[in-house]
Amino acid sequence: MPNSLLPITAHQVSIIRKGRRLLNSLDLTITNPGITMIMGPNGAGKSLLLRCLHGLISSDEGEIHFGQKPMEAKIRYRQSMVFQSPTLLRRSVYANLAFVLKDRRMFDPAKIDHALNMVGLTHLATQSARLLSGGEKQRLVLARALLTDPDMLFLDEATSNLDPASTKIIEDILRKVSQASTKIIAITHDLGQAKRLADTIVFMHQGRVCEQTPSDAFFDQPISKEARAFLKGDLLL
Amino acid sequence: MNIYLDSLTTALQLIITADAVLLEIISLSLRVSLSALALSCIFGITLGTMLAIRSFRGRGVIISIVNAMMGLPPVVVGLIVYLHLSRSGPLGWMGLLYTPSAMIIAQIILITPIIIALTCQMIEDLHEDYRDLFASLSVSRLSAIKAYIIDARYSLLTVILAGFGRAISEVGAVIIVGGNIDHLTRVMTTTIALETSKGELALALALGAILLAMAMAVNLAATWLKHLAKRRAYA
């Protein structure tokens with residue numbers, strides 16, 4: 001099924017704070033469905049780009065289009081985002097999921113049960129969400145993000161603090177969701193995860209996209225010297 | 001020393017025998033303060049939440065003004081309400097001066113800024129947590145406001161208790177606008193002031209003990225609520 005939010009085109013996008021260009025005339029076009037991983041050193045502007053694509057912040061210069069349409073509220077409605085540190089409402093696990101559906105007037109207990117089952121949290125449905133472990137919290141946040149059947153899912157280092165077991169559960173879900181036509185754009189510092197999941201890699205440095213290549217090509221023969229240095233483990237300043 | 005002991009004994013008798021005058025005064029005090037509290041909460045929690053989550057020009061100034069109003073001198077509030085409700089005042093035609101309604105109005109003016117300012121602080125902290133999430137989920141403003149109030153419920157109960165504590169223990173404003181009229185506007189604090197000035201310490205002590213007990217109960221309730229919130233990981 002074609003994803004009507006594709007292609008994503010960012011043209012000459014800049015974010016300027018206190019005279020610094022945190023995103024510097026960035027150009028990016030994402031046409032493929034599947035999983036796109038954004039990589040790069042700290043401060044490269046990865047999170048800012050993701051927030052821009054999700055409409056949480058507006059760019060100071062440039063334009064972003066989704067399927068030829070400029071960013072607008074309707075488009076964000078069809079996207080979801082999982083943040084690095086899970087934000088949970090001060091309610092039960094179940095109520096955290098119910099909140100989203102009730103707000104969109106599409107409350108359906110069966111849908112919540114399915115989401116809980118998908119992330120393996122059915123037995124914790126009545127527990128306070130804030131008492132979950134780190135991995136369980138991130139799984140709950142992912143379930144909440146997927147409840148609305150988004151066309152596009154953004155993940156900002158969603159597994160960075162998780163143990164391998166929790167990471168595997170999340171990666172399995174992401175694979176499944178991606179195959180079911182949700183476009184996934186994720187940030188990761190984990191080279192192994194990028195190799196396991198990514199179809200395409202976008203490598204960023206100093207607010208720009210240095211290269212955008214299929215995952216295999218990126219790890220075998222990176223084009224840019226920044227990506228080569230990054231993969232060698234050199235410090236990129 | 002005998003005076004204290006006699007007064008204390010009489011005070012205990014008044015409490016134990018549930019003296020009619022004592023009960024009438026306590027009942028009026030509670031009616032006035034709880035009415036003022038209810039109305040203040042409706043305005044205060046709503047305005048405090050709006051102030052916490054909306055950004056607009058002059059927001060900082062409004063927050064500063066509300067914070068400053070938390071320390072409004074009760075006698076000044078009493079005087080202002082008196083001037084407005086007196087026969088020659090702009091609202092004199094309503095005939096509210098020296099009635100419980102006037103006392104409620106004065107207490108509302110005193111406690112609403114407290115409710116607004118504390119609510120604003122509590123919700124602001126929550127807003128820091130939830131802002132990106134709600135934006136990401138495209139949550140409607142009304143749903144967001146409801147969520148903030150529901151999720152801050154334990155903290156807001158502490159705010160409400162703080163408002164109640166201020167209202168029930170207030171004397172300066174209610175004595176000016178209520179007039180301390182027997183069987184009509186005489187509340188615990190004004191009775192304590194009157195009886196003490198007359199040298200009749202028994203009733204004053206009895207009411208003082210009850211007022212202290214109420215203050216302690218409110219503080220205990222606030223502490224218990226905080227504890228409960230932490231235990232349930234809602235804090």
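Chain A is the first sequence line, chain B the second, and so forth, proteins listed ahead of strands; every chain is numbered from 1.
- When heavy atoms are compared at a cutoff of 4.5 Å, A:Gln79 approaches chain B solely by way of its backbone atoms N, CA, C and O.
- Taking a 6.0 Å sphere around NE2 of A:His65, one finds it holds more than 12 heavy atoms contributed by other residues, nucleotides or ligands.
- At most 12 non-hydrogen atoms from other residues, nucleotides or ligands lie less than 6.0 angstrom from CD of A:Gln68.
- In this structure, A:Arg17 places its CZ atom where more than 12 heavy-atom neighbours from other residues, nucleotides or ligands lie under 6.0 Å away.
- Proximity to chain B (any heavy atom under 4.5 Å) is restricted, for A:Phe83, to the side chain, taken from C-beta onward.
- Using a 4.5 Å cut-off between heavy atoms, A:Phe154 does not touch chain B at all.
- Around the NE2 atom of A:His189, the shell of radius 6.0 Å holds more than 12 heavy atoms that belong to other residues, nucleotides or ligands.
- Sorted by first then second residue, the side-chain hydrogen bond (donor to acceptor under 3.5 Å, both in side chains) pairs that include residues 56-68 of chain B, not counting sequence neighbours, are B:Arg59-B:Glu124.
- Heavy-atom proximity under 4.5 angstrom to chain A picks out B:Asp129, B:Tyr130, B:Asp132, B:Leu133, B:Phe134, B:Ala135, B:Ser136, B:Leu137, B:Ser138, B:Val139, B:Ser140, B:Ser143, B:Ala147, B:Ile150 from residues 127-150 of chain B.
- In this structure, A:Phe107 places its CZ atom where more than 12 heavy-atom neighbours from other residues, nucleotides or ligands lie under 6.0 Å away.
- With a 6.0 Å radius and a threshold of 12 heavy atoms from other residues, nucleotides or ligands, A:Glu63 has its CD atom at or below the threshold.
- If you tally non-hydrogen atom pairs under 4.5 Å between each of A:Arg51, A:Arg76, A:Met81 and chain B, the highest count goes to A:Arg76.
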